[in-house]
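To start, the structure itself, in structure tokens.
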Amino acid sequence: MRKIHWLSAGVLLLALGAGPLPAHADDAPDSGPAASVPQRERDLIGILMDARKQYQTAKTANPAQDARMAMQMNVISFMRQSQVADDWIGTVKTRGITAEGKAWITIEIADGITVSTWTSQRDDLDSGSLIRPNTPLFATAQQAKLGSKIIFSATILKSVLASDDDMVLRPQFIARFSALKITQ
């Protein structure tokens, strides 16, 4: 897996001439249980779901690639406003401990959309996303049961660069968590 920083992707996409799409889906959840999801989280999910729809309905490779590039541009614009996720809500998908004893966690915020730490010290060298032992975050990450709801705060650092399918259908964001609270 290769990783890319927001600004690097922005320079590349601007050079390719990708244009922006609307900031969020018109059909983003706004009532029921989803109403408690913070607006910025709903906005990011909307950007990603819009891109997913466009990508899945594309009939040829070029429109699919265009959907991915437009999604990246919209995510870059979103992240330029703020990379802080404050009290976002998700579900614990995976968690574990590296060989060096640091904790990692993956939280799904919507179908196939995850915010996580790296899972190895090697990948984490320039991010510092892994959770150090003997910290409150470490204990919470290890106590979280798979499938449990969790409220988190973090700084989103990067997006994982992968195939078009993975980037659009299963986007992965790397974050440095500052708070984790299990809600169930």
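Only heavy atoms go into these numbers, but all of them, side chains included; no hydrogens, no water, no symmetry mates. What you see is a predicted model; the values in this text were computed from it and never measured. The first residue in the sequence is number 1, and the count goes up from there.
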Close side-chain approach of L125 to W118, heavy-atom, < 4.5 Å: no

Grouping I, L, V, M, F, W and Y whenever their side-chain heavy atoms are under 4.5 Å apart, do V75 and V115 come out in a common cluster? yes

Show the nearest heavy-atom pair for residues V92 and A144, with the distance to one decimal. CG2-CB, 3.8 Å

Do S148 and T91 have side chains that get closer than 4.5 Å, going by heavy atoms? no

Check the pair R52, D111 against side chain to side chain contact (heavy atoms under 4.5 Å, CB included), reporting the backbone distance first and the verdict last. CA-CA 11 Å; R52 186 180 290 174; D111 182 35; 3.7 Å; yes

Establish whether I182 and F152 are linked, either directly or via other cluster members, by ILVMFWY side-chain heavy-atom contacts under 4.5 Å. yes

Minimum heavy-atom distance Q72-L161, with the two atoms named: NE2-CD1, 4.4 Å

Under a 3.5 Å threshold, yes or no: a donor from one side chain and an acceptor from the other, between R68 and Q65? no

Atom CZ in R122, atom OG1 in T98: separation rounded to 0.5 Å? 12.0 Å

Distance-minimising heavy-atom pair for I150 and T183: N-OG1, 4.0 Å

Is M79 close to L44 at the side-chain level, that is, under 4.5 Å between some pair of heavy atoms? yes

Separation of T106 OG1 from R95 CZ (nearest 0.5 Å): 11.5 Å

Within this structure, what is the CD-CG distance for the pair Q56 and L169, rounded to the nearest 0.5 Å? 5.5 Å

Do T114 and T94 pass the side chain to side chain contact (heavy atoms under 4.5 Å, CB included) test, and can you show the C-alpha distance, the side-chain angles, and the key distance before you say yes or no? CA-CA 10 Å; T114 59; T94 60; over 6 Å; no

Spacing of CG belonging to L180 relative to OG1 belonging to T135, to within rounding of 0.5 Å: 9.0 Å

Measure the CZ-CD1 distance between F138 and I97 for me, rounded to the nearest 0.5 Å. 4.0 Å

Verdict with reasoning, I113 to M49, per side chain to side chain contact (heavy atoms under 4.5 Å, CB included): CA-CA 9 Å; I113 302 169; M49 291 299 193; 4.2 Å; yes

Min side-chain heavy-atom separation I45-W88 under 4.5 Å: no

N-O pairing of K158 and D126 below 4.0 Å: yes

Pairwise side-chain contact, V160 with M167, heavy-atom cut-off 4.5 Å (strictly under): no

Start with the C-alpha distance between L48 and F173, add both sets of side-chain angles, then the distance that settles side chain to side chain contact (heavy atoms under 4.5 Å, CB included), and finish with yes or no. CA-CA 12 Å; L48 299 170; F173 297 94; 3.7 Å; yes

Taking the side chain as every heavy atom from C-beta outward, state whether P133 and K102 have any pair of such atoms under 4.5 Å apart. yes

Flag side-chain contact, heavy atom, 4.5 Å: F177 against T140: no

Please tell me if the side chains of I89 and S36 come closer than 4.5 Å, counting only heavy atoms from C-beta onward. yes

If every non-hydrogen atom of A103 is compared with every non-hydrogen atom of Q142, which pair is closest and at what distance? CB-NE2, 3.6 Å

Provide the closest heavy-atom pair for D86 versus P38 in the form atom of the first, atom of the second, distance. O-CG, 3.8 Å

Interatomic distance, CD1@I174 vs CG@L157, rounded to 0.5 Å, equals 8.0 Å

Tell me the closest heavy-atom pair linking M71 and I47, and the distance in Å. O-CG2, 4.3 Å

Polar contact flag, side-chain donor to acceptor under 3.5 angstrom, D50-Q54: no

Sub-3.5 Å donor-acceptor pair from the side chain of R42 to the main-chain atoms of V37, do we have one? yes

Does F78 belong to the same Ile/Leu/Val/Met/Phe/Trp/Tyr cluster as I156, with side-chain heavy atoms less than 4.5 Å apart forming each link? yes

If we check side-chain hydrogen bond (donor to acceptor under 3.5 Å, both in side chains) with S129, which of these qualifies: D124, T155, T117? D124

Expected output: side-chain S153 to main-chain D87 donor-acceptor under 3.5 Å: yes

